[in-house]
Amino acid sequence: MSKPIGRREFGLAAACSMLTLSLGSGLAGAATAAAPARRRLARPTAQQLAFEELELGAFIHYSIDTYGSQSASLPASAFNPSHLDTEQWVLAAKGMGARYVVLTARHEQGFCLWPTATTRYSIQHSPYRDGKGDIVREFVDACRKHGVKPGLYTPPWIDDHFDQHALGMQAGKGNANIDKYDDPALFARVRAKELQQQQELLTRYGPLAFYWDDHFGRSDSLSPVPKGGKLRELYAVLARQAHRLQPDMLYFGPDVEHVGNEAGHSCYPMWNAVDTVDGTRDSCAATYKWGGDNTGDPHGRFYRPRLGPTTDALSSGGWMWAGPRTVQPLEERMRAYYQLVGRGAGAIINLTPDTSGRIPDNLVAAAREMGDEVSRRFATPLAQASGGDGMATLQLPAPRRIDHLITMENQALGQRIAGYRIEAQVGGQWQTVAEGHTVGHKRIDRIAPVMATAVRFVCTRSVEGRAAIRSFAAYDTSA
């Protein structure tokens with residue numbers, strides 16, 4: 001678990017060497033003495049770095065429980081949307097600024113939105129398109145048509161319909177129905193079904209950006225140990241198959257870690273590196289606490305970008321449609337953006353289709369308003385620069401109002417920045433306007449407005465070696 005910044009236990013280096021960077025100039029490398037680290041910093045893969053660039057995604061929670069039940073009590077015949085439009089979903093997400101969209105291909109009640117050979121509880125046995133529909137196909141085609149990346153969701157150990165009809169267990173117990181893992185024969189059937197469903201999804205629909213196998217992490221807290229161990233085994237075998245079938249796709253758990261809550265915030269400071277519960281890739285971060293914060297560890301063994309899912313930050317009413325939803329004020333939507341993307345994590349925000357199969361107009365408008373506001377504030381910096389060492393300075397031709405600063409770290413060699421301050425030159429004098437700890441992919445500092453002729457970022461502590469600043473930019477969002 002990470003400790004407060006500045007503790008000697010981290011083995012942090014002395015203050016990063018300082019180098020002024022005038023706007024548009026180059027930057028010479030400078031040696032920095034690094035304190036010994038416990039191990040080489042965890043480094044992201046090219047795919048993980050690319051995923052961090054996506055920053056904002058959309059979740060489409062839509063299935064048979066949109067029509068009135070959170071369990072498998074509804075028959076497949078209940079699924080018959082009148083105006084389903086996957087392009088409308090994708091365009092709503094794109095209006096919000098989402099660069100990828102994840103669809104619940106199967107949710108916890110077990111209904112499959114694609115024609116599967118594993119169960120009759122699927123779209124193939126519903127009235128939708130006379131049983132010839134395939135919403136997963138419609139969805140991925142819409143994503144590619146409109147230039148966003150597709151992703152899919154399944155919950156591997158929660159399938160109410162399969163538990164009831166294939167295993168003969170009590171229906172509707174959801175994630176409490178874990179007794180099936182006590183019986184090797186039942187577990188083998190669950191394992192085979194999950195592998196086949198995943199294989200169908202990963203071989204029929206082309207390249208996917210992301211696959212969310214839900215509840216990774218919470219399985220580690222189950223007791224007695226045999227159940228938790230069996231669930232961990234299930235996730236491990238699914239992850240191995242996923243990486244074999246789509247090696248460029250990121251898989252929730254081993255590749256991307258949960259922030260720990262669904263409330264629209266990441267902790268701060270936040271480290272992408274983690275140590276895991278059992279020391280392998282098959283379990284969650286040792287700092288994972290469901291409903292709380294997942295702090296990571298600067299010297300953790302595995303690099304995992306952090307991702308925060310939220311629905312209430314956009315609108316009330318839960319993940320699935322359960323009636324008209326109230327849109328949150330714009331500042332609440334922006335708060336989630338600041339406290340996820342602005343703390344170095346990714347955000348994936350829920351957009352909920354109603355019983356017609358379309359996202360309601362008020363949610364579409366709220367998504368677009370948020371996307372427009374993010375663009376208004378941050379699309380055009382007053383000045384921007386990058387540097388290869390621990391300080392970057394922006395020189396402005398005349399005093400300009402500044403109220404936001406965005407810093408991005410070059411994490412190719414690991415996340416390093418553990419402390420910083422930002423100073424503004426006001427009336428010829430330098431004054432501190434912001435201080436912080438981690439930067440990671442992106443750190444947004446909202447400051448009291450100042451009229452400045454220059455601004456500089458100073459790394460005050462690095463976990464190891466030089467801290468490279470990929471980007472440092474200043475903004476005036478008052479216009």
Side-chain angles (χ1 to χ4, degrees), residues 47-48 50-63 65-66 84 86-108 111-114 134-156 158 197-198 200-202 204-217 238-239 242 245-246 248-259 262 264 304-311 313-315 318-321 336 340-341 345-353 357 359 363 367 371:
Q47 291 87 349
Q48 287 174 322
F51 185 79
E52 289 182 318
E53 289 297 305
L54 301 179
E55 293 186 352
L56 180 64
F59 235 147
I60 305 293
H61 274 75
Y62 178 70
S63 192
D65 43 341
T66 298
L84 187 140
T86 56
E87 286 195 51
Q88 190 249 7
W89 302 351
V90 171
L91 290 172
K94 191 171 182 178
M96 187 173 64
R99 296 183 176 100
Y100 69 101
V101 188
V102 175
L103 170 66
T104 53
R106 189 195 93 215
H107 204 244
E108 294 176 356
F111 187 80
C112 297
L113 296 182
W114 77 99
D134 185 342
I135 293 175
V136 174
R137 167 59 62 195
E138 294 178 44
F139 166 74
V140 297
D141 287 350
C143 286
R144 293 180 182 125
K145 177 179 178 179
H146 294 288
V148 301
K149 296 180 181 297
L152 298 176
Y153 163 108
T154 57
I158 305 177
Q197 287 191 358
Q198 186 192 77
E200 291 172 354
L201 291 171
L202 296 185
R204 294 181 183 178
Y205 300 105
L208 302 174
F210 184 48
Y211 196 95
W212 184 302
D213 250 1
D214 205 6
H215 303 297
F216 179 89
L238 287 167
L245 295 175
Q246 294 215 23
D248 291 330
M249 179 187 74
L250 293 191
Y251 191 83
F252 179 67
D255 301 324
V256 177
E257 180 88 22
H258 205 295
V259 297
E262 297 175 349
R304 291 178 180 172
R306 210 61 42 83
L307 184 59
T310 184
T311 186
L314 181 82
S315 67
W319 291 104
M320 287 283 180
W321 180 260
L340 287 168
V341 176
I348 182 166
I349 297 176
N350 192 44
L351 296 173
T352 313
I359 298 170
L363 301 189

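This one's a predicted model, so the numbers in the text were calculated from it and none came from an experiment. The analysis underlying the following values was restricted to heavy atoms, covering all of them including side chains, and did not include hydrogens, waters or symmetry mates.
- Between Lys94 atom NZ and Met96 atom CE the span is 13.5 Å, to the nearest 0.5 Å.
- Taken from SG in Cys112 to CG in Asp134, the straight-line distance is 11.0 Å, to the nearest 0.5 Å.
- A donor-acceptor contact shorter than 3.5 Å links the side chain of Thr86 to the backbone of Glu138.
- Asp141 meets the side-chain contact (heavy atoms from CB on, under 4.5 Å) test with Arg137; sequence neighbours excluded.
- The salt bridge (charged side-chain N to carboxylate O under 4.0 Å, His left out) test applied to Glu52 returns no partner, not counting sequence neighbours.
- Taking the side chain as every heavy atom from C-beta outward, Ile60 and Pro353 approach each other to under 4.5 Å.
- Here Arg144 contributes atom CZ and Lys149 contributes atom NZ; the two are 10.0 Å apart, rounded to the nearest 0.5 Å.
- When only modelled atom types and interatomic distance are considered, Tyr211 and Asp255 share no side-chain donor-acceptor pair under 3.5 Å.
- The aromatic rings of Phe252 and Phe210 stand perpendicular to each other, their planes meeting at an angle above 60°, with 30° marking the opposite boundary.
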Full working for side chain to side chain contact (heavy atoms under 4.5 Å, CB included) between Phe139 and Val136: CA-CA 5 Å; Phe139 166 74; Val136 174; 5.5 Å; no

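- Rounding to the nearest 0.5 angstrom, the gap separating the CG atom in Leu113 from the OG1 atom in Thr154 is 11.5 Å.
- The backbone N or O of Tyr62 lies less than 3.5 Å from a partner atom in the side chain of Thr104, making a donor-acceptor pair.
- Residues forming a side-chain hydrogen bond (donor to acceptor under 3.5 Å, both in side chains) with Trp89 (at least two apart in sequence, or on another chain): none.
- With sequence neighbours excluded, no residue satisfies salt bridge (charged side-chain N to carboxylate O under 4.0 Å, His left out) with Glu262.
- Here the side chain of Asn350 pairs a donor or acceptor atom with the backbone of Trp319 at under 3.5 angstrom.
- Applying the ring-ring contact (aromatic ring centres under 6.0 Å, His included) rule to Trp114 yields no partners; only residues at least two apart in sequence or on another chain are considered.
- For Phe216 and Tyr251, the ring centers sit 6.0 Å or farther from each other.
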Full working for side chain to side chain contact (heavy atoms under 4.5 Å, CB included) between Thr311 and His61: CA-CA 10 Å; Thr311 186; His61 274 75; over 6 Å; no

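- Proximity of Pro309 to His258: side-chain heavy atoms (C-beta onward) are separated by under 4.5 Å at one or more points.
- From Arg106, atom CZ reaches atom CG of Leu201 across 9.5 Å, with rounding to the nearest 0.5 Å.
- The distance from atom CG of Leu208 to atom CG of Leu152, rounded to the nearest 0.5 Å, is 5.0 Å.
- Partners of Glu87 by side-chain hydrogen bond (donor to acceptor under 3.5 Å, both in side chains), not counting sequence neighbours, listed by chain and number: Lys145, His146.
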